[in-house]
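First comes the structure, then the notes that go with it.
Throughout, protein chains are lettered first and strands after them, A, B, ... in sequence-line order, and every chain is numbered starting at 1. Keep in mind that this is a model prediction, so the values were computed, not measured. Only this structure's heavy atoms are used, side chains among them; waters, hydrogens and symmetry mates stay out.
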There are 4 protein chains.
Amino acid sequence: MTAPRSAVAGELGTSKAAARIRAAAIEVFAAKGYGATTTREIAASLDLSPGAVYPHYKTKESLLYAISLEGHHAVLTAIRNSDRTDSPAGKRLTATVTAYVAWHARNHALARVVQYELRSLSDEHFGIIADLRRSTSKVFTRIIEAGAAAGDFHPIDTEAAALAITSLGVDVSRWFPSNAYSDPDVVAERYVELALRMVGSAS
Amino acid sequence: MTAPRSAVAGELGTSKAAARIRAAAIEVFAAKGYGATTTREIAASLDLSPGAVYPHYKTKESLLYAISLEGHHAVLTAIRNSDRTDSPAGKRLTATVTAYVAWHARNHALARVVQYELRSLSDEHFGIIADLRRSTSKVFTRIIEAGAAAGDFHPIDTEAAALAITSLGVDVSRWFPSNAYSDPDVVAERYVELALRMVGSAS
Amino acid sequence: MTAPRSAVAGELGTSKAAARIRAAAIEVFAAKGYGATTTREIAASLDLSPGAVYPHYKTKESLLYAISLEGHHAVLTAIRNSDRTDSPAGKRLTATVTAYVAWHARNHALARVVQYELRSLSDEHFGIIADLRRSTSKVFTRIIEAGAAAGDFHPIDTEAAALAITSLGVDVSRWFPSNAYSDPDVVAERYVELALRMVGSAS
Amino acid sequence: MTAPRSAVAGELGTSKAAARIRAAAIEVFAAKGYGATTTREIAASLDLSPGAVYPHYKTKESLLYAISLEGHHAVLTAIRNSDRTDSPAGKRLTATVTAYVAWHARNHALARVVQYELRSLSDEHFGIIADLRRSTSKVFTRIIEAGAAAGDFHPIDTEAAALAITSLGVDVSRWFPSNAYSDPDVVAERYVELALRMVGSAS
DNA sequence: GATGAATGAGACTTCATTCAT
DNA sequence: AATGAATGAAGTCTCATTCAT
């Protein structure tokens, strides 16, 4: 486990009640945006009184932070766990893009909060999250570089390709599900093909 | 001009003051999100009193709508104007992706509002905007189809490719400018190359 | 002891824990005022949980009442115990003013609660306390009257003098300790001199 | 006028509405204490909506500060205006104590706020107020010193006498009006006599 | 006896909007 | 058109108190 439980514990909510509140908040934040969500709505969606959130999260922002931290850990864990670093780059890119895209589709509500509500974090919390995001990007960049070095990939611009792959994944959380795509695995499969083409994969 | 002046006029704000308010609102909406922005902030950023917005826009939502409508018209106009429908598909895709991506980079504040604040529109306004968005997507779909028919492109899945190209453009407004990319034309150029690869362009 | 133990017992808190809570409450009430003090603060200052006060005091007001009652009994006891009713008035005034002033200085936190938070008592509790206060005032009035009758004192207005002496004592709890005076006995000594002059003591 | 209007203006409320709010707040603060008073009560006592206070005072504390500042200026002005610095000390003490005591009786609600709610001010505001209070005390100290130097007064301890005189005045706001005393001028007259005795006035 | 989550009420404050000026 | 006080509703958060554990 990349993110040790202990790091997320304490004020971030380990109790069952805290987890339920987080889950409820994810749905509402995703639907209306953090700024337009009231703590009352979150409580009401669990049939709780308005103040019941506060024994678990001292502020609305700390709730967002807990969600954001958990979410970012989850994505990073997902792609790191899927990456077989001793396989050829093509396999690695396939595995990680699949994991990344499928995660954003499957957890689209959480993903939306994770990807689009960062600006509402406090400066301190934002800094911690920003570090996690850099770690995530780096995974793709490293794989493309490895593929290019091995002659498996022929990217025109490694950085642009890595950015585009990330963008594709992030943006899934904005529109998923759509009329055309409502199966996370299908989206992942299509996007893997596009990713391989973007990096100029030989296969 | 695709959108006739008259359609945008009236309550949508043709006066100079209305335009200034729109411009100010774009910046604040982009920075904090519609839900977290107060009408007071918009007024204050123009050194106006809280009530000064209301002679021009009856509600905060109508201000968002005016911005959204103007923005969506602008993107659609930008790609339509750049599209030479009698050229080969490769040239067309190059021209339209360039226009689309560069527009999102150059107008990143407006683009962010346009792309991420839709959910705050009234149902009626949302419907009107949704039509414009479909028109925009269709431009890319048609070009890819034309390229495939002509044998210039070899997409694995036309719809997925069109979606991905749109996603790439939309997502530019989320991160632009970054340390690596702060020139709209450079981003556009890189993304055109990626788009051509995604559609399996022969060239 | 004027107040029989039994009258103060029961709901007023005889246990050690109740006494600790009262002591903690006195400090916080004195520092911030009853209205601005939360029961949580009192509990927290003893490292107890928010609910821990309630097994001992059913309401915040009953805690104030217990403190107020104990405090008023204490002052009354202090001056009564110091008063030698068979001595000359000068000695009696000296003894009682010393006791009164020193008590307010020494117990300035409790005194502040006792003197300034009466309005937050329930009507019933206020009535009980008001009786105690009248008994206290009467001590000074009686002494001055006795002194005047004996020709030891020459007050211009007995009631005003008694009131002023009380005021001086009460007000000590507002400012004590100050830069100039931080020894209760010194304050008491000075104020006795002033009191004797106010009543026109011959000596 | 010692306190120039301009110094109190601006955020402190010069408008008629601000003055009405201040007047209403004084009554409620005096009756229940600042900590126990709600901004709603203040607004309600003027038949205003809860939010109507806020265009005039940004916070409850700033309202307290405005009241406190105005009140402290008023006391200081009252005693300074009554002091004829070229008269003998006896006359000066008579005039200033009269002014001080009568002010506390006549404005007992304001005086109570001024004297007993200081602890609720912000540190910055408290500092400003504390300066004003020192200026007030100094008036009495100087007069007693002058009287002592001229041989008019024979105080045992100048500082204690000045402190006691201040205490007497302050404490008036706690109990005034009482059954015995409800005329400010009568209280003032009695207290002047006591003050003169306390300083050992020859007359 | 103590804990701490939960409640119901309510606190301070803000907000979109209105309206007299 | 603009101002700014005012409103009514609501927002975040706190609080005295309760209660299951």
Side-chain angles (χ1 to χ4, degrees), chain A residues 13 15-18 20-21 35-43 46-63, chain B residues 15-18 20-21 34-44 46-64, chain C residues 15-18 20-21 34-44 46-64, chain D residues 13 15-18 20-21 35-43 46-63:
Chain A
S15 72
K16 229 174 210 169
R20 286 183 64 229
I21 290 170
T37 299
T38 72
T39 55
R40 277 176 147 78
E41 287 172 297
I42 298 167
L46 293 170
D47 270 310
L48 290 175
S49 68
V53 172
Y54 289 86
H56 303 286
Y57 293 99
K58 264 192 291 223
T59 62
K60 189 182 160 192
E61 191 271 347
S62 81
L63 176 52
Chain B
S15 72
K16 227 174 214 171
R20 286 183 65 229
I21 289 170
Y34 174 84
T37 298
T38 72
T39 55
R40 278 171 153 78
E41 286 172 298
I42 298 167
L46 293 170
D47 271 311
L48 292 175
S49 70
V53 172
Y54 289 85
H56 302 284
Y57 293 98
K58 265 192 284 220
T59 64
K60 190 182 159 191
E61 190 270 348
S62 79
L63 176 52
L64 174 62
Chain C
S15 73
K16 228 175 211 168
R20 287 183 65 229
I21 289 170
Y34 174 83
T37 297
T38 72
T39 56
R40 278 172 154 75
E41 286 172 297
I42 297 167
L46 293 171
D47 271 312
L48 292 175
S49 70
V53 172
Y54 289 85
H56 302 285
Y57 292 99
K58 265 194 284 224
T59 63
K60 190 182 159 192
E61 191 270 346
S62 79
L63 177 51
L64 174 62
Chain D
S15 72
K16 227 172 211 170
R20 286 183 65 230
I21 289 169
T37 299
T38 73
T39 55
R40 278 178 144 78
E41 288 172 296
I42 299 167
L46 294 170
D47 270 310
L48 291 175
S49 68
V53 172
Y54 289 85
H56 303 285
Y57 293 99
K58 265 192 289 221
T59 63
K60 189 183 160 191
E61 189 272 346
S62 80
L63 176 52

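T39(D) comes within 4.0 angstrom of a nucleotide base, judged by non-hydrogen atoms across all strands. When heavy atoms are screened at a 4.0 angstrom cut-off, S15(C) is found touching no nucleic acid atom at all. Contacts of S49(D) with the nucleic acid, taken as non-hydrogen atoms under 4.0 Å apart, include base atoms.
You'll find that the side chain of H56(D) is closest to dA5(F), out of dA5(F), dA5(E), dT12(F). When distances run from any side-chain atom of A52(D) to the nucleotides dA6(E), dT7(F), dT13(E), the shortest one goes to dT7(F). Residue A17(C) places its side chain closer to dA2(E) than to any other of dA2(E), dA5(F), dC13(F). Checked against dA16(F), dG11(F), dT17(E), the side chain of R40(B) finds its nearest nucleotide in dT17(E).
Rounding to whole angstrom units, CG of residue L46(B) and P of dG4(F) are separated by 15 Å. Put simply, NZ on K16(D) is 13 Å from P on dA6(F), counting in whole angstrom units. Separating the CD atom of E41(C) from the C1' atom of dA16(F) is a distance of 13 Å, rounded to the nearest angstrom. Rounded to whole Å, the distance from CG on L48(D) to P on dG4(F) is 19 Å. The separation between Y54(D) atom OH and dT13(E) atom P is 4 Å, rounded to whole Å. Going from atom CG of L64(C) over to atom P of dT17(F) covers 12 Å, rounded to whole Å. Rounded to whole Å, the distance from NZ on K58(D) to P on dA5(F) is 12 Å. Atom OH in Y57(D) sits roughly 17 Å away from atom C1' in dT13(E) (whole-Å rounding).
Summary of the strand contacts: A36(A) and V53(D) both lie near DNA chain F, and taking for each the nucleotide with the nearest heavy atom, the more 5' one is attributed to V53(D). Both P50(A) and G51(B) lie near DNA chain F, and the one whose nearest nucleotide falls closer to the 5' end is G51(B). Heavy-atom nearest nucleotides on DNA chain E were determined for T59(D) and for T37(B), and the one closer to the 5' end corresponds to T59(D).
The CG atom of L48(B) lies 6.5 Å from the CD1 atom of I21(B); values are rounded to the nearest 0.5 Å. Here H56(D) contributes atom NE2 and R20(D) contributes atom CZ; the two are 9.5 Å apart, rounded to the nearest 0.5 Å.
At least one donor-acceptor pair under 3.5 Å links the side chain of Y34(B) to the backbone N or O of E61(B).
Using a 4.5 Å heavy-atom cutoff, the side chains of T39(C) and Y54(C) are in contact. A 4.5 Å side-chain heavy-atom check between L63(B) and I42(B) finds at least one atom pair inside the cut-off.
Of the nucleotides present, dA2(F) is the one that pairs with dT21(E) by Watson-Crick or G-U wobble criteria, both distances under 3.5 Å. Base pairing of dA9(E) is made with dT14(F), judged by Watson-Crick or G-U wobble geometry with both donor-acceptor distances under 3.5 Å.
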